[in-house]
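See structure below.
Remember, it's a predicted structure, so these values are computed and weren't measured experimentally. Naming convention: chains lettered A, B, ... in sequence-line order (proteins, then strands); numbering from 1 in each chain. For the numbers below, each heavy atom of this structure counts, side chains included, while hydrogens, waters and symmetry mates do not.
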Amino acid sequence: MPTTTQLAPQFDPSAIESAVYGRWLDAGVFTADRDSGREPYVIVIPPPNVTAVLHMGHGLNNTIQDVLIRFERMRGREALWLPGTDHAGIATQNVVERIFAKDGRSRHDVGREAFVERVWHHVHQTEGTIIAQLKAMGFSCDWTRTRFTLDDGYSAAVRHVFVTLHQDGLIYRGHRVIHWCPRCHTSLSDEEAAFEDTSGHLYHIRYQVVDPGETDPAFVTVATTRPETMFGDIALVYHPEDDRFTGRSGLTVEIPLTGVRIPIGTHTAVEREFGTGMLKITPAHDANDFDIANTILPNAPHPVILTEDARMADDERVPASLRGLDRFDARKRIVSMLEASGQLGRVDPHAHAVRYCYRCHTAVEPRLSDQWFVKMQPLAAPALVAHHRGDVRFVPDRWGKVYEQWLTEIRDWNISRQLWWGHRIPAWYCEAAGCDHITVSERDVDACDACGGPVRQDEDVLDTWFSSWLWPFATLGWPERTADLARFYPGHTLVTAPDIIFFWVARMVMAGYYFLDERPFDTVYMNGIVRDPQHRAFSKSLGNGIDPLEVVDAYGADALRYTVVAGAAAGTDVIMDRGDMDATFAAGRHFANKVWNLGRFILGNLDGAPAPVGALDTAQFELADRWILARCQRIAAETTAAMERFRLNDAVRTVYHFLWDDFADWYVEQVKPRLYGEASGGDVARAILCHVFRTALTLLHPFMPFVTEELWAHIPGGDEPMLAGAAWPTDNPALADEEAETRFARVRELISAVRTMRAEYGVPPAATVPIVTHPATLDTTEAFNAEQRTIERLAKASGLDLLGPMTGVGAHAVLGDGTAVFVPLGGAIDVTQECARLAGERTRLEHQIERVAAKLANLQFTERAPADVVERERAKEHTWREQCATLGDKLRALGC
RNA sequence: GGGCGAAUAGCUCAGCCGGUUCAGAGCGCCUGCCUUACACGCAGGAUGUCGGGGGUUCGAAUCCCUCUUCGCCCACCA
């Protein structure tokens, strides 16, 4: 039988964590069984990017998933938590490009094949670290099913999707203005080019009118934030009802600095209030201009005057002196050139939103090009219906609005990226003369579908989210109709952060309905974002991040998990202070230690395995026994209810306070005399200690799996060898006992009242003090006879005795039910000395009050006495008077 | 321009489908205790006009309006 000597007095997480995790793996408790017949419960992990190792945000997100998975597994469901990682196309490519950049090499110097090979190397490295991190935090993923969004099977799924959507007419090749990142050299989706408020200038530029008539002006002025794009202008337009420009339509103007001639036209999309009301149309470098150009000049060319890295193009439309200049340098040069030629008007400061690349934060360049797009509207419709019907819901539900808004205003999705790292687009262009057929195929082809001519595969890869959106089913073997897919799709809960609702959540719902005709999950639980004390999100550049492994090493995985769960209601951000890690993780660490020591205490006081509670003679139960069993039963029900409502923070706090405040502070203390043989009933106490502690360990296990699992191995009486596989406590109405709860609450109140009096009157801890309760309320009732014993026991544990008449020198208190408690103090303290001390204290206070009263009287006559000063002095006076009154009561009690 | 969220004890936050956990928790702070499970502990204690103002109600931290201050998301005024 284990004894306390086997457990260290302080919980040392590092001493047990890896061994405990090893036992879980050996027992296979994390592996979902296809054939169990149990109702499945499935969570797919939001696959972390292989770009970098995990941070605290992942710690939070995955802890919540693990809590849910362990909870459902213990409740008897076939729980599958499917792990994996995301190849994170553009992000990962950037990381590796930076590695090469250190040697001054670009990816083009290295070549596609060698570059991709180097990326794989990086991926294997970080993937290993990520999985080690997940294990260190105790996550119960089914590692036998680990996937990667770029593994072979997954690629097959991606190709199948591309081909299917293409056949269904939902994927098409489009020629339009897209967001282009000049640094990453790729196009981006709308979501990847995020708006950011930027302060710039609004430049007023004069376009010379060619051969003006008598009533025509010599020039028209256009306001633009981007003068450098004017060489790509093909027209100027104004609103057809704008009186200021009546009759100008049809005139010709010259683009400044080049003299290229363009017409003036009208279009209703022009905002009359903005700028001069005259808009320049640059179809190749502005999406709106592109649309306008197509309506007013459908056959006009769309000159591209910026290169892929956003320099002025080597083009005849661009003045020779500007060619090759960076767009922002060119802007400055152009402005001074315009100034010199007298064609620059006002320059106003102008705040506007500019899109930036979400991966490298370069200002995105709108650029005309050919890309692959997904037609989204048909996919979005079922996803909207699903939310309306409640088939997919959000926790907290306000995020549903965000989801709906995006789906309602959805636009086509640009899915092609000019990158090397990712799923290569399965499209082949025919190179035969006169054939422009594109072959789209799941398998590699070497001949054109249409003419049999030679083909060349599209160089581009797919948006990384084009693979992520298949995660809930591609990970289960789809498009094969695997047994896993049949059993574990659809899933249940998705746990993620709100910032990827568009990127990922909504798209998964769309893909789920389109390809499997079923939702991928029923609930989307939104966790908050982990921030620093200045409420900034963690980021590498700020250096404010916290490495979960660091935390696990210093405080233990259980402390980390407790901290993030207790600190985060659904959807609220979690603040963590890197500068004060001790304070941040104190509560969790202290609690783990408390639980550990409870285990130590119980083990140290066992005498063989105790009988199961069911086998005990309830007639031998004392009040405290009945109370703790009832309380335990109530807490189990409350915890379960909180879990079902996704109130994980409430659930863990409930268990925390039960274990600490009820079980440790009251039951364990009450039971000590019995355990030590000073009172009878030790065997009953031991049995109940084990039973309640085991139940509490079970309730706590999803949150703090390591310490609970380790103790489970030592505490006798569990049916299951491993807590991770044990059953969640079920309702046991037989143990409910409201009467015991009420009566024990009175006992607690009595003891607390006595303790307070002892503390207030300075009774030395070693001194024994008799207490008396008023006979009218407690003494005469039947119930009190039973309580009397408990009170005596608890009183003894607190150094109290229940004796003596309710007269003489002493303190009293009245409890909530009207019971009067009297503590004779004569024998415990030197009354004369205490009186002198209290009287001295009172005199001091009285002097202070006199002074402040005088000050207030003065202030009354002082004009413009600061109100806050008066307020403060009044408050002081009030507090002191109250303290004075209390002292008076005490002095009277002592008979002085 | 539109929408959402937040403001509660020194700090970080719960509570917020109105009235018995209603002013709370953890950390910090003050007092006394190394009582043989735990000083990562035990006992006791202090601290808040629940952002300002108005309203609804018998009653509001909790509902409505408004203001202030922060934060986030969406958006084709170039």
Side-chain angles (χ1 to χ4, degrees), chain A residues 4 7-11 177 190-191 194-195 202-203 222-226 229 237 269-282 286-292 350 352-353 355 366 396 398-399 401-402 405-406 409 411 498-499 501-502 529 531 533 535-537 555-556 559 562-563 566-569 571-577 580 582-605 647 649-650 653 656-657 660 664-665 668-669 672 676 745 751-752 754-760 762-766 797-799 816 871 879:
Chain A
T4 45
L7 301 184
Q10 282 211 340
F11 176 50
V177 174
D190 293 342
E191 290 70 34
F195 278 111
L202 195 55
Y203 302 92
V222 171
T224 180
T225 56
R226 305 206 53 201
T229 63
V237 294
V270 180
E271 192 70 44
R272 276 173 278 179
E273 311 303 320
F274 189 88
T276 61
M278 187 69 79
L279 172 64
K280 68 195 237 348
I281 299 300
T282 321
D286 186 292
N288 299 314
D289 290 5
F290 180 75
D291 292 340
I292 293 173
H350 182 66
H352 60 140
R355 285 185 189 261
R398 70 184 125 90
W399 292 108
K401 281 188 206 161
V402 178
Q405 194 212 338
W406 185 74
E409 297 168 7
R411 281 176 288 174
D499 54 349
I501 289 180
F502 310 146
I529 294 172
R531 300 178 183 278
H535 294 85
R536 299 174 305 191
Y555 307 100
Y562 177 83
T563 302
T572 62
D573 290 347
V574 184
I575 309 296
M576 284 196 182
D577 188 355
D580 197 352
D582 281 348
T584 302
F585 296 100
R589 180 167 57 141
H590 295 179
F591 185 41
N593 187 241
K594 186 71 184 181
V595 176
W596 179 257
N597 273 289
L598 269 168
R600 275 186 79 212
F601 173 79
I602 293 170
L603 287 174
N605 286 285
R647 305 288 302 242
N649 56 335
D650 287 346
R653 278 168 205 270
Y656 175 100
H657 288 293
W660 203 316
D665 288 351
V668 167
E669 292 306 326
K672 276 178 177 173
Y676 298 158
I751 301 292
S752 290
V754 175
R755 283 174 182 167
T756 304
M757 287 186 272
R758 287 178 65 105
E760 280 186 349
V763 179
S798 309
E871 199 58 39
T879 332

- [ ] State which residue, out of A/Val177, A/Asn288, A/Asp289, fulfils the side-chain contact (heavy atoms from CB on, under 4.5 Å) condition with A/Thr282.
- [x]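 Only one option passes, and that is A/Asp289.
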
Open item on the list: Counting runs of three or more consecutive pairs, Watson-Crick or G-U wobble, with each distance below 3.5 Å, where are the stems of RNA chain B?
Closed with: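 Only these stems qualify: B:1-7 with B:68-74, B:10-13 with B:24-27, B:29-33 with B:41-45, B:51-55 with B:63-67.
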
- [ ] Report the C-alpha distance between A/Trp406 and A/Ile501 in whole Å, list the side-chain angles of each, state the deciding distance to 0.1 Å, and finish with yes or no for side-chain contact (heavy atoms from CB on, under 4.5 Å).
- [x] CA-CA 9 Å; A/Trp406 185 74; A/Ile501 289 180; over 6 Å; no

Can you measure [X] atom [atom1] to [N] atom [atom2] for me and round it to whole angstrom units?
X	N	atom1	atom2	result
A/Tyr676	B/U35	OH	P	13 Å
A/Phe502	B/C73	CZ	P	10 Å
A/Phe601	B/A37	CZ	P	6 Å
A/Arg589	B/G28	CZ	C1'	15 Å
A/Gln10	B/C40	CD	P	6 Å
A/Lys594	B/A37	NZ	P	11 Å
A/Asp582	B/C27	CG	C1'	11 Å
A/Tyr656	B/C40	OH	P	14 Å

Taking any heavy-atom pair under 4.0 Å as a contact, classify [X]: base, sugar-phosphate, or nothing.
X	answer
A/Phe585	nothing
A/Thr282	nothing
A/Ala287	nothing
A/Val668	base
A/Asp665	sugar-phosphate

Open item on the list: Quick check: do A/Thr229 and A/Lys280 have side-chain heavy atoms less than 4.5 Å from each other?
Closed with: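 Yes - at least one pair of side-chain heavy atoms lies under 4.5 Å apart.
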
Task: Lys NZ or Arg CZ of A/Lys594 over A/Tyr656 ring: under 6.0 Å, within 45° - done: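 Judged by the rule (NZ or CZ under 6.0 Å from the ring centre, within 45° of its axis), A/Lys594 is not positioned above A/Tyr656.
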
If you check every side-chain atom of [X], which of [options] has the closest atom?
X	options	answer
A/Trp660	B/G26, B/C38, B/G41	B/G41
A/Glu669	B/G45, B/A14, B/A37	B/A37
A/Arg755	B/G41, B/A43, B/G26	B/A43

Expected list for residues 584-591 of chain A: side-chain donor-acceptor pairs under 3.5 angstrom, two or more places apart:
{"unit_1": "A/Thr584", "atom_1": "OG1", "unit_2": "A/Asp577", "atom_2": "O", "d": "3.4"}
{"unit_1": "A/Thr584", "atom_1": "OG1", "unit_2": "A/Asp580", "atom_2": "O", "d": "2.9"}

Task: Side-chain donor or acceptor of A/Asp286 paired with backbone N/O of A/Ile281 under 3.5 Å - done: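 No: the side chain of A/Asp286 does not pair with the backbone of A/Ile281.
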
Open item on the list: Main chain of A/Ala8, side chain of A/Trp596: is a donor-acceptor contact present, judged purely on distance under 3.5 Å?
Closed with: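 Judged by distance alone, yes, a pair lies under 3.5 Å.
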
Work out how far the [atom1] atom of [N] is from that of [M], and round it to whole angstrom.
N	M	atom1	value
B/U47	B/G53	C1'	26 Å
B/C64	B/A75	C1'	29 Å
B/C63	B/U20	P	16 Å
B/U66	B/G19	C1'	27 Å

Pairs under 3.5 Å (N/O, protein and nucleotides 76-78 of chain B):
{"unit_1": "B/C76", "atom_1": "OP1", "unit_2": "A/Arg411", "atom_2": "NH1", "d": "3.1"}
{"unit_1": "B/C76", "atom_1": "OP2", "unit_2": "A/Arg411", "atom_2": "NH2", "d": "3.0"}
{"unit_1": "B/C76", "atom_1": "O2'", "unit_2": "A/Asn288", "atom_2": "ND2", "d": "2.4"}
{"unit_1": "B/C76", "atom_1": "N1", "unit_2": "A/Asn288", "atom_2": "OD1", "d": "3.1"}
{"unit_1": "B/C76", "atom_1": "O2", "unit_2": "A/Asn288", "atom_2": "OD1", "d": "3.2"}
{"unit_1": "B/A78", "atom_1": "OP2", "unit_2": "A/His350", "atom_2": "NE2", "d": "3.3"}
{"unit_1": "B/A78", "atom_1": "O3'", "unit_2": "A/Thr225", "atom_2": "OG1", "d": "3.4"}
{"unit_1": "B/A78", "atom_1": "N6", "unit_2": "A/Glu271", "atom_2": "O", "d": "2.9"}
{"unit_1": "B/A78", "atom_1": "N1", "unit_2": "A/Glu271", "atom_2": "N", "d": "3.2"}

TODO: With RNA chain B as reference, determine whether A/Phe11 or A/Thr756 sits nearer its 5' end, using the nearest nucleotide of each.
DONE: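 Looking at RNA chain B, the more 5' nearest nucleotide goes with A/Phe11.
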
- [ ] Please identify each residue that fulfils side chain to side chain donor-acceptor pair (under 3.5 Å) with A/Asp665, with sequence neighbours left out.
- [x]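 Checked A/Asp665 against side chain to side chain donor-acceptor pair (under 3.5 Å); zero matches.
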
- [ ] Starting at the 5' end of nucleotides 16-24 of chain B, put B wherever the base has a protein heavy atom under 4.0 Å, S where only the sugar-phosphate does, and a dash everywhere else.
- [x] ---------

Task: Under 4.0 Å protein heavy-atom contacts per nucleotide of nucleotides 1-8 of chain B, with B for base, S for backbone only and - for none - done: ----S---

